[in-house]
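Structure record follows, encoded as structure tokens.
Naming: A, B, ... by sequence-line order, numbering from 1 per chain.
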Amino acid sequence: MSDYNPKEIEPKWQRIWEDNNFYQTRIDPGRKKYYVLEMFPYPSGKLHMGHMRVYSIGDVLARFFRMKGFNVLHPMGWDAFGLPAENAAIQHKVHPARWTDENIAFMKKQQDSLGLSYDWEREVTTCYPDYYKWTQWLFLKLYEMGLAYKEKAAVNWCSQCETVLANEQVIDNVCWRCGTRVSPQDLEQWFFAITRYADRLLGDLDILEGWPERVKIMQRNWIGRSEGAQVNFPVKDSSKVINVFTTRPDTLYGVTYMVLAPEHPYVKEMVEGTSREKEVLSFVEEMRRVSEIDRASAETEKLGIFTGAYCINPLNGEEIPIMVGNYVLMSYGTGAIMAVPAHDQRDFIFAKKYNLPVKLVIKPPDQDLISEEMIEAYEEPGIMVNSGPFDGMDSRECIGKITAYLEENSWGRQDVSYRLRDWLVSRQRYWGAPIPVIYCDSCGTVPVPYEDLPVHLPLEVEFESSRQSSLKTLEEFKRVSCPQCGGEGQRETDTMDTFVCSSWYFLRYASPFSEDLPFEREEVDYWLPVDQYIGGIEHAILHLMYSRFFTKVLYDAGLTGITEPFSRLLAQGMVYKDGAKMAKSKGNVVTPDEIVEKYGADTGRLFILFAAPPEKDLDWSDKGVEGCYRFLRRVWRLVNDNRDLLRKSHQESIKVNELNSLEREVYQMINSAVKRVSEDVQERFNFNTAISAIMELVNSLYHYLDKVEAGEIKENLFLKGANNLILLLAPFSPHITEELWSILGHEESVHLQSWPGYDQEALKAADVEVVVQINGKVRDKVVVSADSSKEELLKTAKSLPKIQSQLEGKEIVKEIIVPNKLVNLVVK
RNA sequence: GCGAGGAUGGCGGAAUUGGCAGACGCGCUAGACUUAGGAUCUAGUGCCUUUUGGUGUGGGGGUUCGAGUCCCCCUCCUCGCACCA
């Protein structure tokens, strides 16, 4: 008999699958569809274990649901624009396009060596004109809908990457990609108006039942919706009115000063020509040098300065000083706040520092507070004091009452504010999809007409001297005639954030050949939404929120009928080794290539799926891999060493009542394995326990062969066991199962077989072991026939010698009998 | 500080409805086969104890005939958020 040799059989079957277009997918309205998708990779060069893990999970689902009779869409592609390609160009003098293409070719080969069942016909590559044409088309669509706009704003600049970044792409004040600290710059940039979708992005999280709670919470936090009121404070001796947003209208009588953000336009106007002008403006300049994200940090010391101006509290007519402070941000709310030091800790700290008054307007229900003696703000609800007509009322009630009071007097109105900012999408980089816009001296900003797309990214560019985008200096790219007046125009030289490209690729997979539109409505209607999306938690906000936004925009544009792209989301855990994330610097890297080379893809996949549930972090263990290899060899021998026997037997129909107890045990195991694997894969995604059930089946079959007399083997039973074993293992380890299936004489691929069913009756054992407890402690066990009555059980239990001796001299006060499980006697 | 998740043998992890804690795998121990084995097979393996038995799911309390599972308090770990008015 030949040994298990994955190096030989794996490439063999991969070729056969490919030659026969095995995984090609077509719309079939007669069948239920299942769209399983793994986040497409950036073609960085080589696959790592994180990739192997996410693809293994996706491939199990794809293969499982295919066998279950679903029409499965399982595509793959490349998130191919991005900075690393450009950096490689500068460092190694290789064109980003070539670098990217070579990486794709290499990684695709690696993916194929893992036996992944992709429909490669649908492959998308975001840096190819036939894809980015449609990214540009979608940009124009957003522009047309008023959702894309250009604006000067203080934005995050990464000096290392030489480009601006969206807020989501700045983590703890540093660039998410290179770790450089970002700095603020006032630049004119393109934005997508994602804030207009804030409420829908927030509200629809509730219908995403298949999403992990933590991802939804992260998105909720990011959107940061707060309810409150806008209040107008007239400036004394001026026609100006300062508008503030507050979530605590109940504290309005406690306002003792106002704070404007340094960028607030009133600051300059109010101090102009006054004695305080110089001092205030130099303070403002100083504050603006610090990035907004730095300023927004709780650790930053609160700094401020008095403008010299006052405004009037509309509720009680009090005059209150107007300050400028670093802790107020222009981009949130109205860029101005009312300060209530008695009831807001930030205001309290600031007030103490600058000797501003503290005025108590809410007192705790059970004690009195004195403003002058407070050492921190009282932020809890309580009883209103010093608040005119509202005195004595519950502060919680007054939130609504005072808001209504404001509205009655036109002093303000109810309002909602978000933490979410618009998505900054322009990048000062070369390797991205050009923004399809032309600037014309007479017509202004003119979108490139749809029929002129794509705006080709020129490939003939230099990467020698600077890291600056080569588009900026490329005259033949920049110079263009205006599509409206025909006069001289200039192309936009910024490209789009790569997250724009990845915000709609899952739609293109459904309709990859569409030539008139980014995708055909009919095809998208059939395939979408994605039934199961799988990827890393690092995209909890970034990619996943952008994609949700795009999906809603496209719905509004009438291009799709779905409002959410991903019905279910699996955030897979990371791969660790020796307690640390795999990293070159730590020297603990194991690559998919090594594993395939040494053990084969089937072993690697099996280990990755067996070692931990998919959403948990996985500890790499070389010994564990060995164990899986050992298991597959065990499977191999089980089938191969008995191939003659198995091939001889042509039918597996089994008469259950003719089985002896040893055979019945095997039969029960065969059926329970099918049940457990089916449920673990389909309902719980617990591949680790599914695999352990398969291992138990193998152990049971070996046990049977060991116990049964030679020549007494019940052939149809053993055949059923072997067949089911191969079928159950097929989604996990597709090559070995294909080989064994063919060894058993089957002509059609194992991956085209139906998923096995099970005999519900067979799950019940003829005999069950019942535990006998006294006072909840196990004292004995007894085997009885299944479904024995309570009376019989009790009688049997009491008759056991061990139990009888324990019962001696005791009185039974209670008898608990759980059929097929236990008897518990409570004694005194 | 707020929010979410978690803590089970030497290790990775099971226990789906409150009903035998530790499935499955790794490791380890003993044995078989063998020139040899880091191949394979068999048996064992939570801890303490001499069998008997006792004890055991981060710690403390509670509910229950019965708790890893439910309730209360505490400790620690991981992740996310945190000057957002």
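- Residue contacts shown for Asp617(A) are limited to sugar-phosphate atoms, with no base heavy atom under 4.0 Å away.
- By the ring-ring contact (aromatic ring centres under 6.0 Å, His included) test, Phe687(A) is found to be paired with no residue, residues two or more places apart in sequence or in another chain being considered.
- Defined by atom type and a distance below 3.5 Å, a donor-acceptor pair is present between the side-chain atoms of Tyr327(A) and Asp347(A).
- Within the nucleic acid shown, Pro212(A) has no heavy atom closer than 4.0 Å to any nucleic acid atom.
- Comparing atom distances between the Arg633(A) side chain and each of A82(B), A85(B), A39(B) picks out A39(B) as nearest.
- At whole-Å resolution of the value, CE in Met218(A) and P in C79(B) are 12 Å apart.
- Base orientation of G9(B): syn, the glycosidic angle falling within 90° of 0.
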Tell me, for nucleotides 18-25 of chain B in 5' to 3' order, what letter each nucleotide earns: B for a base near a protein heavy atom under 4.0 Å, S for only sugar-phosphate near one, - for neither?
-> -BB--BBS
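- One interatomic measurement links the two molecules: OH of Tyr576(A) to P of G13(B), which rounds to 12 Å at whole-angstrom precision.
- The side-chain contact (heavy atoms from CB on, under 4.5 Å) with Ile362(A) is formed by just one residue from the set Glu379(A), Arg248(A), Arg396(A); it is Arg248(A).
- Judged by a 6.0 Å distance limit and a 45° cone about the ring axis, Arg568(A) is not positioned over the six-membered ring of Trp211(A).
- A perpendicular orientation is assigned to the rings of His343(A) and Tyr378(A), their planes being inclined by more than 60° (bins at 30° and 60°).
- Summarising the geometry, the separation between OH on Tyr332(A) and C1' on C83(B) is reported as 12 Å, rounded to the nearest angstrom.
- Distance Asn326(A) CG to C83(B) C1': 9 Å, rounded to the nearest Å.
- Under the 3.5 Å distance criterion, the side-chain polar atoms of Arg605(A) are matched with a main-chain donor or acceptor of Phe732(A).
- Between Leu705(A) atom CG and C41(B) atom P there is a gap of 12 Å when expressed in whole angstrom units.
- For Asn686(A), whose side chain is taken as the heavy atoms from C-beta onward, the closest listed nucleotide among A85(B), A15(B), G13(B) is A15(B).
- A search for ring-ring contact (aromatic ring centres under 6.0 Å, His included) contacts involving Phe685(A) returns nothing, not counting sequence neighbours.
- A67(B) atom P lies 10 Å from atom NZ of Lys777(A), rounded to whole Å.
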At under 4.0 Å between heavy atoms, which parts of nucleotides 1-8 of chain B does protein reach? Answer with one letter per nucleotide, 5' to 3': B base, S sugar-phosphate only, - none.
-> --SS----
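- A close approach under 4.0 Å does not occur between any side-chain nitrogen or oxygen of Arg779(A) and OP1 or OP2 of G53(B).
- Shown here are the ring-ring contact (aromatic ring centres under 6.0 Å, His included) partners of Phe191(A), two or more places apart in sequence or in another chain: Tyr149(A).
- The separation between Leu638(A) atom CG and C41(B) atom C1' is 14 Å, rounded to whole Å.
- Checked by atom type and distance alone, the side chain of Gln345(A) pairs as donor or acceptor with a backbone atom of Ala377(A) at under 3.5 Å.
- The residue Ser226(A) sits close only to the backbone: its heavy atoms come under 4.0 Å of sugar-phosphate atoms, none of a base.
- RNA chain B contains the following stems of three or more consecutive Watson-Crick or G-U pairs, with both distances under 3.5 Å: B:1-7 with B:75-81, B:10-12 with B:24-26, B:27-32 with B:40-45, B:46-48 with B:53-55, B:58-62 with B:70-74.
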